[in-house]
Amino acid sequence: MELITSSERLSEYLAEQRLRRRSIALVPTMGALHPGHLSLIDLAREHADTVVVSVFVNPLQFEHADDFDLYPQTLSIDEQKCRERGVSALYAPTAAQMYPDGFRTSVHVSHFSEILEGASRPGHFDGVATVVAKFFISVDPDVAVFGAKDFQQVAVVRRMIRDLDFRLRLIVAPTVREHDGLAMSSRNSRLTQRGRRAAAQLSLGLRSAQQAFVGGTVDPTTLIDVVRRCCNDPLLTIDYVTLVDPNSLEPVSQAHPDSVLLIAAIVDEVRLIDNAALGSPM
Ligand code: AMP
């Protein structure tokens, strides 16, 4: 595996791969790799010959400087994990390379970027869309793998791929969870022991609503109430729980198996998100 830190070397490396007629998969990450990220890498290896993982903590998608500063950065451990997992190249550019002085361009996917997570984190999805577009342009992959854990991110990226004519296949990997159901996240390492226990209620709530749906409940308000009642630890502050159509992200008036419950909550000042389709047991 090669660790690549400059865009010039990335171009050379990719040209060599294409000359050898190897298909290319891209797995964009912000590092601090955990088994969720590794499952994306496994999926990428199934779909392409060469797997490029990017590790870049993207300043554009952080609203607060302290959240950015606190984000775990563990490049040498990430490098080791990628090597062991059969990654072909790890691309870790600097912020100065990605955003040279005077950088002024932004990709904005309207509506999808403004609702839900976008309402609580203004500018977040512009940062995501901009950096993902830059990686798509510089890597030009045949496939890109994203995690279903960031459901709205997938919706934003999917629409951007369509609107900007990126020629690649988007593959969405299922969420990898801890033994108690908590969705794995690099941010979980910032939780206190108490907060960590409270955080498990998010997935518990989603699972209970799935069970209520299987039991015949189709009223969105009732299903949302089921989630809220499970998330009763005083350490948890719910930002939103909603039941949406997976394509439009608009609230549904009646639940269907493909309707998706989205939840966002703050625990120990850490923002956690999770989601589940009603008809897909977790
Ligand atoms: P991040 O490093 O948090 O930006 O995540 C990089 C990619 O990994 C994104 O596509 C995420 O959706 C995905 N990801 C993060 N956590 C998980 C998880 N627990 N299971 C599956 N994919 C994940």
Side-chain angles (χ1 to χ4, degrees), residues 25-47 51-63 67-68 70-75 77-79 81-82 85 87 90-93 95 98 112 116-117 121 124-136 139 141 143-158 160-161 168-191 196 199-200 202-203 206-207 246 260 262-264 270-277 280 282:
L26 171 67
V27 182
T29 81
M30 295 205 297
L33 301 181
H34 53 65
H37 296 115
L38 302 182
S39 76
L40 268 54
I41 292 170
D42 293 344
L43 207 53
R45 290 187 61 196
E46 282 174 30
H47 286 89
V51 173
V52 177
V53 172
S54 61
V55 168
F56 179 61
V57 184
N58 176 27
L60 285 192
Q61 68 188 73
F62 287 83
E63 204 193 335
D67 192 25
F68 176 72
L70 286 171
Y71 203 87
Q73 303 224 30
T74 57
L75 186 61
I77 301 170
D78 293 342
E79 187 184 347
K81 288 183 180 170
C82 284
R85 211 69 176 199
V87 169
L90 173 57
Y91 180 46
M98 291 295 283
F112 284 164
L116 301 163
E117 284 302 287
R121 306 177 67 188
H124 169 69
F125 287 116
D126 293 355
V128 170
T130 304
V131 79
V132 171
K134 282 178 68 88
F135 280 129
F136 283 176
V139 176
V143 300
V145 187
F146 286 79
K149 170 174 176 278
D150 296 279
F151 192 83
Q152 189 174 359
Q153 172 168 282
V154 169
V156 167
V157 170
R158 178 175 283 125
M160 179 186 78
I161 289 171
L168 59 92
R169 194 149 62 91
L170 176 64
I171 295 172
V172 182
T175 301
V176 176
R177 298 178 177 281
E178 303 284 358
H179 64 278
D180 60 358
L182 176 66
M184 287 191 182
S185 164
S186 310
R187 287 200 163 88
N188 293 352
S189 63
R190 283 163 51 192
L191 296 171
R196 172 65 189 77
L202 268 67
S203 59
L206 297 177
R207 205 169 275 167
V260 177
L262 299 173
I263 184 167
V270 180
R271 186 177 181 83
L272 299 176
I273 55 171
D274 201 352
N275 68 84
S280 309
M282 292 157 50

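First listed ligand is number 1; within each ligand, the first listed atom is number 1.
- Remark: ligand 1 and A173 share no N or O pair separated by less than 3.5 Å (distance only, no angle test).
- At least one heavy atom of Y71 sits less than 4.0 Å from an atom of ligand 1.
- Atoms of ligand 1 found under 4.0 Å from any heavy atom of D150, numbered from 1 in the order shown, are 11 (C), 12 (O).
- Close to ligand 1: P174, with a non-hydrogen atom less than 4.0 angstrom away.
- Using a 4.5 Å heavy-atom cutoff, the side chains of I263 and I273 are not in contact.
- Distances shorter than 4.0 angstrom occur between a heavy atom of H34 and an atom of ligand 1.
- If you check each of R187, Q153, R177 against atom 9 (C) of ligand 1, the one with the closest non-hydrogen atom is Q153.
- Not one N or O of A183 is nearer than 3.5 Å to an N or O of ligand 1, by distance alone.
- Considering both main-chain and side-chain atoms, M184 comes within under 3.5 Å of ligand 1 through a nitrogen or oxygen pair.
- Taking distance alone, with nitrogen or oxygen atoms compared against 3.5 Å, K149 stays at or beyond that limit from ligand 1.
- At a 3.5 angstrom cut-off on N or O pairs, G31 does not count as close to ligand 1.
- Salt-bridge check for D126 with R121: failed, with every basic side-chain N at 4.0 Å or more from each acidic carboxylate O.
- At a 4.0 Å heavy-atom cut-off, ligand 1 does not touch A32 at all.
- Between atom 13 (C) of ligand 1 and the options V57, T29, L40, L33, the minimum heavy-atom separation is to L40.
- The distance from ligand 1 to the heavy atoms of G147 drops below 4.0 Å at these ligand atoms: 9 (C), 10 (O), 11 (C), 12 (O), 13 (C), 22 (N).
- Under 4.0 Å is where a charged nitrogen must lie from a carboxylate oxygen, and between D42 and R85 at least one such pair does.
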Inset, instruction - Kindly indicate, with the supporting measurements, whether the criterion side chain to side chain contact (heavy atoms under 4.5 Å, CB included) is fulfilled by V51 and E46. - result: CA-CA 10 Å; V51 173; E46 282 174 30; over 6 Å; no
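- Looking at M30 and F56, their side chains never come closer than 4.5 Å, going by heavy atoms from C-beta outward.
- Side-chain contact between L182 and R196 is present, with heavy atoms from C-beta onward closer than 4.5 Å.
- In the vicinity of P28, heavy-atom distances shorter than 4.0 Å reach the ligand 1 atoms 6 (C), 7 (C).
- Taking the centre of each ring, Y71 and F62 come in below the 6.0 Å mark.
- Proximity to F146 (heavy-atom distance under 4.0 Å) selects the following atoms of ligand 1: 10 (O).
- In this structure, Y91 and V55 have side chains that are not in contact, with every pair of non-hydrogen atoms separated by 4.5 Å or more.
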